[in-house]
Amino acid sequence: MRWTKSLITTLRDNPGDAEIDSHKLLVRAGLVRKTAGGLYSYLPLGMRTLEKIKRIVKEEMDRAGALEIVMPILQPAELWRTTGRWDTMGANMFKLRDRAEREAALGPTAEEEVTDLVKGVVGSYRQLPVTVYQIQWKFRDETRPRFGLMRSKEFLMKDAYSFDRDAEGADRSYRTMYAAYERIFARCGLKAVPVQADGGDMGDSMTHEFHVLADAGEDGIAWCEGCGYAANLEKAGRTPPPADDGPCPPFEEVATPGAKTIAQVAAFMGLAPELFVKSLVYSCDGKPVMVCVPGDRDVNEVKLKRFLGAKTVALADFGAVLRATGANAGFVGPVKPADPALRIVADSALRGAAGRITGANKDGFHLKNVDLARDTSIPAGGYADLATAAAGDACPNCGKPIAVKRGIEVGQVFKLGTKYTEAFKATYKNDKLEEKTMIMGCYGVGVSRTLQAVIEQSHDKDGIVWPASIAPYQACICLLDPSAPDAAKVADELEQALEARGVDTIIDDREERPGVKFKDADLIGFPVRVVVGSKGLANGGVEIKLRREDKSKTRIVPPSGAAETVAALIEAEMRG
Ligand code: ATP
Ligand code: MG
């Protein structure tokens, strides 16, 4: 391929909305262009890499025995109503109507659609197990689309779904996909680690997310160097010992005018935040619930939802807070709220807590010397793991202190059980002709997010450093004198020789200064750069350099040996 024919436009300046390096580089290297917020067009370079990632995903799915299908993006509302998710998916789902007023959604995922499909196609145990997959655009009306392809409104996902006869089979399917995911990410040159996660809307059973550890990641990961435990903070368990506070005098009111946050009251009273009880009123399936955690902790809404068995959990609005407690947020606490029937739950670290400071349920006031057992109506069963884990907490597995890292979720594998197959009555006949419900799993890879995660993990100050497996082109021949016939001929022959060896190659044949070409080659990040120029040729050869190595490693090779050297370098890079 020739640069002058390839629609490559690199940019000097970072896009104004880009906060993280990979987003800046993605746009500057000319891989994508923003169409509107959260919507991107792929330019030829981006398309090439996307196609290479798709190819790897397909090869690994096929190797795992999964069968490729494709289902409509436009999904009728009835499918979603069958499981009740038409109403519970919330504002993230793009909903629309056709001319006959039939409701539909732009698929954010496809559990309903695939279950309905497989129900119609599979009837006998002989057809099971079966895993199907598609690589299809998905749509989510994200609250905050950002970071380029990382969180966009339209993105490419590989979604696979397994259907099994029984739990052991479902387990095998899960493990097969888990192993396929490890291979997919490794082949994309990506270090992605499996971490335990929460099942969310998909079901409550076992699930792992694959995360690329990076400061730009949106998820917190509890990480134990000791035993290898890794869990999303949404899920990471805490097992704090009960508070060992001695008895304290009766509680009394303290005026804390204007001091609302724990930090403000702690500073005002000259006490450590740990001595405070942070109390928040949530609306859980529409009912108010007060949640208490230690002052230096955050409420974990995922754990709260699970503990209460609630479908929806959100901070209560200010009117509801006032009605429940008698005060505004910042001054509420578990001692004698205005509504004596208010349900109060607390983090297990507060079991046995005494001598603590809480809001007084009266604006401008706090209480000191609160003994939660003595002064509140929190029942013994109201204590649970409700706070988010933090660095230094004991690992729930081995007890050593955990670290907290940031992660980008590039994939997730789920065991779904029979949640969807029951709703759709997706059954099969076993060998005794009895009707049985299929057991399901689902498995997603964010293909477009993976593309950007590779850049986030593999770049330097000059640009992207592509792994050879998914680089838009593996080799770039910087032709320094496009109008000099000798050099142009060497470049042409080298390109042909490389293509014949399976190395995809681009010749930078622009009439530009060498500096411009080198800068662009570094920005786009081709794994190998070959410099071909009349001067170099007169001195005996072409210059070959790996993108990830510095200049001192440049090899000078006679033109006749260049293809072999480049091909060997690429092969070594592919092996990792
Ligand atoms: P997140 O927690 O980041 O919102 P999710 O857990 O809701 O993602 P899944 O339903 O598990 O996403 O979708 C499978 C994969 O699709 C994710 O692992 C992720 O890589 C990718 N993905 C999800 N949402 C987006 C998005 N808005 N933009 C790009 N990729 C996405
Ligand atoms: Mg997920």
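Just so you know, ligand 1 is whichever comes first in the structure, and atom 1 is the first atom listed for that ligand. Every value quoted in this text rests on a predicted model; they were computed, and no experiment measured them.
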Check your understanding: Does NZ or CZ of K34 come closer than 6.0 Å to the centre of the six-membered ring of Y40, within 45° of the ring's axis?
Key -> no
Review point. Hey, are E218 and R146 close enough for a salt bridge, meaning a charged N less than 4.0 Å from a carboxylate O?
Key: yes
Practice item. For atom 24 (N) of ligand 1, state which one of F155, Y443, F414, F210 supplies the nearest heavy atom. Key: F155
Point to revise | No-hydrogen, no-angle side-chain donor-acceptor test under 3.5 Å, Y443 and S162 | key: yes
Review point. At under 4.0 Å between heavy atoms, which part of R151 makes contact with ligand 1: side chain, backbone, both or neither?
Key: both
Practice item. Could you name the option among R449, Q412, R140 that has the heavy atom nearest to atom 12 (O) of ligand 1? Key: R140
Exercise for review: Would you please determine whether M150 falls within less than 4.0 Å of ligand 1 on a heavy-atom basis?
Suggested key: yes
Revision key, fill the gap. Tested for side chain to side chain contact (heavy atoms under 4.5 Å, CB included) against R187, the lone hit among I470, V57, I56 is I56
Check your understanding: Can you list the atoms of ligand 1 that are under 4.0 Å from a heavy atom of G446?
Key -> 15 (C), 16 (O), 20 (O), 21 (C)
Point to revise | Distance-only N or O hit between ligand 1 and E209, under 3.5 Å | key: no
Review point. Among the heavy atoms of G411, does any lie under 4.0 Å from an atom of ligand 1?
Key: yes
Point to revise | Closest heavy-atom pair and its distance - A471, P527 | key: CB-CD, 3.5 Å
Review point. Between the Mg ion (ligand 2) and E409, is there an N, O or S atom separated by less than 2.8 Å?
Key: yes
Check your understanding: Between T109 and ligand 1, which residue portion shows a heavy-atom distance shorter than 4.0 Å: side chain, backbone, both, or neither?
Key -> neither
Exercise for review: Answer yes or no on whether K95 is positioned over the face of W80, meaning its NZ or CZ is under 6.0 Å from the six-membered ring centre and within 45° of the axis.
Suggested key: no
**Study point:** Heteroatom proximity flag, V410 to ligand 1, N/O under 3.5 Å
**Key:** yes
Point to revise | Proximal ligand 1 atoms for E142, defined as those under 4.0 Å from one of its heavy atoms | key: 24 (N), 26 (C), 27 (N)
Point to revise | Y428 six-ring face occupied by R165 cation (under 6.0 Å, within 45°) | key: no
Check your understanding: Counting only heavy atoms not in R55, do more than 12 fall under 6.0 Å of its CZ?
Key -> no
Review point. So, is E409 polar-close to ligand 1, with some N/O to N/O distance under 3.5 Å?
Key: yes
Point to revise | Sub-6.0 Å ring centroid separation between Y178 and F210 | key: yes
Check your understanding: Is there a heavy atom in L149 that sits closer than 4.0 Å to ligand 1?
Key -> yes
